[in-house]
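All ligand and atom numbering here is 1-based and tracks the order in the structure.
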Amino acid sequence: MPESAAVPLAAKSPFELRVHLGDDVPEQTVREALASGDMGFVHSFTTGSTVDGPGVRVVAWTTGCMWRCRYCHNPDTWTLSNGIPVSVAQAAQELGKYRHGLKVMSGGFTLSGGDPLMQHRFAIKLLTAAKQMNIHTTIETNGYYGDRVSDGELATIDLVMLGLKTWDPERHKALTGSEIGPTLEFARRLAALRRPLWIRFVLVPGLTDDMQDLAKTAEFTAGLGNVERVEVLPFHQLGGYKWERLGLDYTLRDVPAPTAALAAEACEVFRKAGLAAF
Ligand code: SF4
């Protein structure tokens, strides 16, 4: 199985631009990998995150995402073949290096991306390996492919962090290039199964700061009954340079980060609906 030796799995941050690291993997091998989950494509592993789940996290950033969010800060993760091809065993070995530290720091392992459910078989195998090491597991996902994962497989995920982007379906399509329906369906299913859920919302001035739209997102979120926490994430420009380097049309070049007052206002909308929002 081809594996990239030149670029290390570990990165200082997901804002490192990584491209073409899996280009040499034959198409047939990619198809087999996706079908079996024995091999996956990973942008990088990062350590010491305090913003990707409870406690201190090791995060694996998978490649592959079908959405095209206008504010995405990791567009190099859209393309599967930009990632490093790794076997489940190799990825589990990388994670295993940190297992004792994660326990001491009440942290865990987060599978992010990209969208990790693009490689759902690999994701479940890696999360299962993490559980076997007694490590708390989280995924960060847009939820679009939630129906690929069975109820039994969901049991390998201690916490789902689901991104809700905007409420209005047309606005959602314009913002992400995708339909909102499957994401909401996944959220409802997690609620029915009473699986722990955090909601993440990226606040972008002029794009996702319509408070009436936000109130509808909050109403839906509160109605689920299994949402432990809502995180309002202020838009930033850290990934902007990736768009330029990849030759993509970055439309948010001149958009500022939200003010503290705007972020507080957004949090308040969720709190008014009875949610714990930060
Ligand atoms: S779902 Fe996430 S990874 Fe995919 S385009 Fe949107 S922000 Fe980027």
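Atom numbering of ligand 1 starts at 1 in the shown order; those under 4.0 Å from a heavy atom of Gly114 are 3 (S). Numbered from 1 in the order shown, with element, the atoms of ligand 1 that lie under 4.0 Å from a heavy atom of Asn142 read 1 (S).
Residue contact annotation: Cys69 places an N/O/S atom under 2.8 Å from atom 6 (Fe) of ligand 1. Among the backbone and side-chain atoms of Cys72, an N, O or S atom lies under 2.8 Å from atom 8 (Fe) of ligand 1.
Remark: minimum distance from atom 4 (Fe) of ligand 1 to any protein heavy atom is reached at Cys65 SG, 2.4 Å.
Nearest residue to atom 2 (Fe) of ligand 1 from Arg68, His73, Glu140, Lys165 is Lys165 (criterion: closest heavy atom).
Among His43, Arg18, Arg245, the single residue meeting the side chain to side chain donor-acceptor pair (under 3.5 Å) criterion with Asp76 is His43. If you run ring-ring contact (aromatic ring centres under 6.0 Å, His included) between His236 and each of Tyr241, Phe15, Tyr71, only Phe15 comes through.
The aromatic rings of Tyr144 and Trp67 sit perpendicular to each other, their planes meeting at more than 60°, with 30° as the lower class boundary.
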List the steps, then state whether side-chain hydrogen bond (donor to acceptor under 3.5 Å, both in side chains) holds for Thr166 with Asp213. CA-CA 7 Å; Thr166 192; Asp213 189 271; 2.8 Å; yes
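For Glu94 and Gln90, the side-chain atoms include no donor-acceptor pair closer than 3.5 Å.
The closest side-chain heavy-atom distance from Met133 to Leu95 is below 4.5 Å.
At least one heavy atom of Trp78 sits less than 4.0 Å from an atom of ligand 1.
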